[in-house]
Amino acid sequence: MMKAPSKVSHANRLKRIRASLKLHKLDAIVLTHPSDLWWASGFSGHDSIGIVTARELIIVSDFRYDQQLKREAGHVTVVMRKSNMLKALPETIAARKLKRVGFESQYTTFSIAHAISLKAEAVSLDNLLVNLRSIKDMSEIKTIRKAIEIAQEGLRATLPTIRIGQTESEVAARLVYEMTLRGASGPSFAPIIAVGANSALPHYRAGSTRVANGQTLLIDWGCVYDGYCSDLTRTFFIGDVNPKMIKIYDIVLKAQKAAIARIRAGMTNLQADAVARKIITTAGFGKEFGHGTGHGMGMDIHEEPRLNPLFASRMLEKGQVVTIEPGIYLPGIGGVRIEDDVLLQESGCEILTDFDKSRRSAQNTIKVTD
């Protein structure tokens with residue numbers, strides 16, 4: 001069970017939501033995404049919907065969460081539904097005479113949006129809570145730091161156990177175990193443990209391929225601690241690998257360091273992406289870098305902002321935590337990605353991760369051992 005936000009954090013978050021209600025001329029906003037509901041209320045259960053009005057925070061839930069609501073969110077108004085949510089939600093809206101009610105389109109099903117519209121004007125919103133949550137308060141940053149610490153220590157404990165002949169899945173299982181042993185509630189996503197040519201697949205998942213001499217080993221991992229995520233990637237070389245891999249490692253590392261050195265609050269997400277992309281493109285590998293330079297993270301592993309040319313331009317803000325993770329992928333040969341988590345500030349960024357990423361480390365960390 002996650003810790004509830006402090007009273008100060010909770011009050012500040014509700015204040016920000018209510019300011020947005022006023023801006024959009026809304027009587028309320030419906031919260032259907034579990035991360036939004038926890039952020040606003042401290043309640044970590046599921047199958048429940050929140051309603052924030054100018055004076056009240058309401059959670060529509062059921063008997064399964066009665067005791068949990070009292071423990072985690074005793075300050076909210078609880079509506080214990082006796083019917084299904086599609087009936088209970090509009091009844092709650094009607095009882096409070098709410099006329100104009102917002103909902104986040106990317107997290108709200110058509111049936112819930114329709115239920116809102118039965119008793120009020122349903123106003124579709126895009127990323128309202130997501131954008132609010134992208135600015136982390138001090139308690140959130142502290143928790144993310146801990147999630148990063150656990151992830152890093154988990155990999156440091158796992159690396160000495162890797163042997164030639166182990167499957168990717170075996171390495172992944174050990175890594176999850178080591179992070180859980182150190183306090184994680186679980187991985188923030190299924191670890192990407194990619195051997196050899198598999199490392200050219202950016203979202204590969206660990207399988208039956210075995211660790212082998214002369215191969216690349218890409219590890220993309222993270223954990224959840226008290227509801228917040230970490231997300232890192234390191235690429236290692238086992239023995240003597242294809243010289244092309246050494247070349248692209250140096251290019252990726254240069255691009256990643258440049259992006260970290262340049263990123264700051266006040267520039268746009270597209271400008272941040274362009275720093276790393278220009279270096280990789282100039283080196284002749286632009287087509288082999290097909291994803292964004294990074295993304296926001298927090299309660300969800302992928303949050304706003306997106307450092308990606310496929311997304312609309314938006315200003316980066318102080319307090320956002322983002323990944324910096326350029327990569328180059330050579331089909332049939334292998335790929336290199338290096339990823340760190342940074343906290344945006346007006347003067348630059350603070351690097352929250354400290355796992356060695358030098359080429360020396362990449363080549364010497366994993367010993368060739370049967």
Side-chain angles (χ1 to χ4, degrees), residues 1-24 26 28-61 65 68-79 101-108 112 125-148 185-186 188-189 222-231 295-306 317-322 341 343-344:
M1 189 174 294
M2 297 184 290
K3 298 176 185 176
S6 69
K7 290 183 179 180
V8 173
S9 294
H10 175 256
N12 287 340
R13 293 171 191 180
L14 283 177
K15 184 177 180 180
R16 292 171 63 194
I17 294 173
R18 286 169 176 146
S20 292
L21 293 182
K22 188 174 181 180
L23 178 66
H24 291 276
L26 299 171
I29 183 170
V30 168
L31 309 181
T32 57
H33 185 40
S35 294
D36 291 341
L37 188 54
W38 183 91
W39 187 79
S41 70
F43 173 59
S44 62
H46 292 261
D47 297 328
S48 304
I49 288 180
I51 305 173
V52 181
T53 73
R55 297 184 179 85
E56 202 175 14
L57 171 54
I58 307 152
I59 296 181
V60 183
S61 192
Y65 296 106
Q68 187 174 339
L69 277 161
K70 291 175 181 176
R71 183 184 305 176
E72 294 182 340
H75 55 285
V76 310
T77 300
V78 176
V79 174
V101 178
F103 65 91
E104 290 210 286
S105 57
Q106 71 272 41
Y107 297 127
T108 304
I112 291 295
L125 303 169
D126 185 24
N127 286 334
L128 190 150
L129 261 291
V130 172
N131 288 337
L132 290 179
R133 286 197 291 113
S134 76
I135 310 296
K136 306 300 188 288
D137 60 38
M138 294 306 297
S139 65
E140 292 177 292
I141 294 168
K142 181 179 179 180
T143 306
I144 291 171
R145 288 182 194 276
K146 183 63 177 179
I148 290 170
S185 59
S188 46
F189 54 93
C223 74
V224 177
Y225 174 77
D226 198 19
Y228 286 81
C229 300
S230 53
D231 186 5
H295 56 83
M297 68 172 203
M299 297 190 71
D300 297 328
I301 191 61
H302 293 102
E303 293 186 352
E304 294 297 320
R306 310 295 179 125
E317 299 183 64
K318 180 181 178 181
Q320 291 176 329
V321 176
V322 301
D341 305 329
L343 171 63
L344 299 187

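The model shown is predicted, which means the values in this text are computed figures rather than measured ones.
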**Q** So, Glu303 versus Ser134: side-chain donor-acceptor pair below 3.5 Å or not?
**A** no
**Q** Starting at OG of Ser20, measure out to CD1 of Ile29 and round the result to the nearest 0.5 Å.
**A** 7.5 Å
**Q** Compute whether any side-chain donor of one residue and acceptor of the other, for Ser44 and Gln68, lie under 3.5 angstrom apart.
**A** yes
**Q** Could you check whether any side-chain heavy atom of Val130 comes within less than 4.5 Å of a side-chain heavy atom of Tyr107, counting everything from C-beta outward?
**A** yes
**Q** Locate the shortest heavy-atom distance separating Gly102 from Leu26; write the atom from each residue and the value.
**A** N-CD2, 3.9 Å
**Q** Check the pair Arg13 / Asp137 against side chain to side chain contact (heavy atoms under 4.5 Å, CB included), numbers first and verdict last.
**A** CA-CA 9 Å; Arg13 293 171 191 180; Asp137 60 38; 2.8 Å; yes
**Q** For Lys22, which residues count as a salt bridge (charged side-chain N to carboxylate O under 4.0 Å, His left out) partner, sequence neighbours excluded?
**A** none
**Q** Return the CG to OG distance between Asp226 and Ser185, rounded to the nearest 0.5 Å.
**A** 8.5 Å
**Q** Quick one: salt bridge (charged side-chain N to carboxylate O under 4.0 Å, His left out) partners of Asp36, sequence neighbours excluded?
**A** Arg133
**Q** Using side-chain contact (heavy atoms from CB on, under 4.5 Å) as the criterion, list what pairs up with Thr77, not counting sequence neighbours.
**A** Glu56, Ile58, Arg96
**Q** How long is the span from the CD atom in Glu304 to the CG atom in Leu129, to the nearest 0.5 Å?
**A** 12.5 Å
**Q** Under 3.5 Å, side chain of Arg18 to main-chain N/O of Thr53, donor-acceptor pair present?
**A** yes
**Q** Is there a donor-acceptor contact under 3.5 Å linking the side chains of Glu140 and Trp39?
**A** yes
**Q** Between His295 (side chain only) and Pro305 (backbone N and O only), is there a donor and an acceptor less than 3.5 Å apart?
**A** no
